[in-house]
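One structure is given below, encoded as structure tokens.
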Amino acid sequence: TNGSAPAVPSDQYDSLYLSPVTVGSSTLHLDFDTGSSDLWVFSSLQAQSSLVGHDYYMVDPAKEKQGYTWKISYGDGSGASGKVYADKVVVGGVTATAQAVEAATAVSAQFTQDVDTDGLLGLAMSTLNTVKPQQQKTFFDTVLKQLAQPLFAVDLKYHAAGSYDFGFIDKSKYTGAINYVNADTSKGWWGVSATAYSIGNASTSATVSGILDTGTTLLYVDTPIVKAYYAKVKGSKMDNTQGGYVFPCSATLPDFSLTIGGVKQIVPGKHINYSPTSAGNCFGGIQTNDGIGFSILGDIFLKSKYVIHEMGSTPRIGFAQQ
Ligand SMILES: CC[C@H](C)[C@H](NC(=O)[C@H](C)NC(=O)[C@@H](CCSC)NC[C@@H](N)Cc1ccccc1)C(=O)O
């Protein structure tokens, strides 16, 4: 089988993308996240006050995996925890009959406040799943054998609805060749390495290792590269109150690219003007990774590409131009 689910921007700046998922008998809007491996949802286990504005999973005690718990924390300090159920999950017509559904009993303020997001659907390696006493599979791992091809493809768009394709490559969603590289899955994420970056038409050799992360809004790279980029943006500055580099909204932003597998993967300058700030300037889509030692290739990087995540004998990532 194969199937496709829409990926709809949650707001006018593409803060995140939401996809409809049937969990048990509810339809929830989940943030598909290639940077984590838990499928967790807002649930009837939470206080009603935490559920205001959310769709949520009505737990069925008969489906509980007794004694199983989960607790996840994310790089931005947010997190959630709860109990585990085995229930039907359907994404774009692809059905997992007994998928581990992680029902929240507690979620951090960032998630409670975002009333559009009803949970996350992790698409990284199952080795990052947090369920105890027995780690559970991601939705992709659960359905892998029933898929026509062992892959999913990510088509996030700039200020428009895109899609997640499971089990097939949709030729109508890209132009030119697909450029494949082996994925480094050793740390549980979809890891890739670049051998150079370019700002405008100036290219610099450098090793840029990072993870693909549909659940991260921006593109986080090493500080020297960020400084070099904004040196080309008149009036740009690091603004600690805004938490990153800002610039005049009228600024022309150069394109940015990472050379992966010998091919320049270009981020159009237009995509790097992420959003206006409350201070009357604009916030950059490229920001520093604060020295965590690797880059996070989030939505700003992804939304100009069709990215195939193939779990064959050797995991691969394919990049094509939208
Ligand atoms: C502090 C937590 C560290 C980063 C680590 N956790 C992770 O790496 C988890 C799996 N992944 C994440 O925290 C990040 C990757 C960070 S690499 C430092 N991806 C998932 C994130 N985008 C999910 C999200 C979506 C919307 C709003 C907020 C958060 C751990 O548990 O050790």
Side-chain angles (χ1 to χ4, degrees), residues 9-11 13-17 31-37 72-79 110 120 122-124 128 154 156 158 181 183-185 187-199 204 206-233 236-247 253-260 264-275 277 281-305 307 309 317 319:
S10 66
D11 66 15
Y13 306 121
D14 305 342
S15 298
L16 55 96
Y17 297 81
D31 181 0
F32 286 18
D33 181 26
T34 55
S36 68
S37 309
I72 195 161
S73 51
Y74 299 113
D76 65 353
S78 64
Q110 181 195 26
L120 265 64
L123 291 170
L128 290 182
V154 178
L156 299 181
Y158 174 76
V181 292
D184 169 10
T185 59
K187 294 196 193 66
W189 293 301
W190 293 93
V192 290
S193 271
T195 52
Y197 64 89
S198 68
I199 298 167
T204 304
T207 299
V208 179
S209 298
I211 64 168
L212 301 180
D213 187 357
T214 53
T216 286
T217 313
L218 306 182
L219 169 53
Y220 295 93
V221 293
D222 294 344
T223 305
I225 300 177
V226 180
K227 284 187 173 1
Y229 182 82
Y230 289 109
K232 300 292 183 194
V233 180
S236 68
K237 63 181 181 191
M238 177 66 197
D239 179 338
N240 286 308
T241 52
Q242 298 292 337
Y245 280 86
V246 297
F247 44 80
L253 294 164
D255 293 351
F256 179 80
S257 82
L258 291 174
T259 299
I260 299 172
K264 275 189 176 181
Q265 295 302 334
I266 297 172
V267 179
K270 178 173 111 173
H271 290 186
I272 303 170
N273 184 337
Y274 171 61
S275 73
T277 71
N281 43 28
C282 275
F283 197 78
I286 293 178
Q287 297 294 344
T288 173
N289 64 2
D290 284 330
I292 57 171
F294 56 91
S295 298
I296 306 177
L297 309 187
D299 302 340
I300 291 288
F301 179 80
L302 297 166
K303 65 177 77 168
S304 47
K305 302 170 190 3
V307 185
H309 301 64
I317 294 164
F319 292 100

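Source: prediction; values computed, not measured.
- The line from CZ of F256 to CD1 of I286 is 5.0 Å long, rounded to the nearest 0.5 Å.
- Remark: T217 engages no residue in a side-chain hydrogen bond (donor to acceptor under 3.5 Å, both in side chains) (not counting sequence neighbours).
- Within the 4.5 Å cutoff, no side-chain heavy atoms of V192 are placed close to those of D184.
- The main-chain N or O of G243 is never found under 3.5 Å from a side-chain atom of N240 such that the two would form a donor-acceptor pair.
- Note on ring orientation: taking the six-membered ring where Trp is involved, the planes of F319 and F301 are perpendicular (angle over 60°, cut-offs 30° and 60°).
- No donor-acceptor pair closer than 3.5 Å links the side chain of K270 to the backbone N or O of L253.
- For Y197, the ring-ring contact (aromatic ring centres under 6.0 Å, His included) criterion is met by no residue, not counting sequence neighbours.
- Taking W189 as the reference, F294 meet the ring-ring contact (aromatic ring centres under 6.0 Å, His included) condition, with sequence neighbours excluded.
- At distances below 3.5 Å, not a single donor-acceptor pair connects side-chain atoms of S304 with backbone N or O atoms of V267.
- Between the side chains of S198 and S257, at least one donor-acceptor pair of N or O atoms lies under 3.5 Å.
- Atom CZ of F283 and atom OH of Y245 lie 11.0 Å apart (nearest 0.5 Å).
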- Applying side-chain contact (heavy atoms from CB on, under 4.5 Å), run through V226 and Y220 and close with a yes or a no. CA-CA 8 Å; V226 180; Y220 295 93; over 6 Å; no
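- At least one donor-acceptor pair closer than 3.5 Å links the side chain of D239 to the backbone N or O of T241.
- For the ring-ring contact (aromatic ring centres under 6.0 Å, His included) test, no residue two or more places apart in sequence or in another chain qualifies with Y17.
- Taking S78 as the reference, Y74, D76, S108, Q110, F111 meet the side-chain contact (heavy atoms from CB on, under 4.5 Å) condition, with sequence neighbours excluded.
- The side chain to side chain donor-acceptor pair (under 3.5 Å) pairs that include a residue from residues 221-232 are D222-N289, T223-T288, where partners are two or more places apart or lie in different chains.
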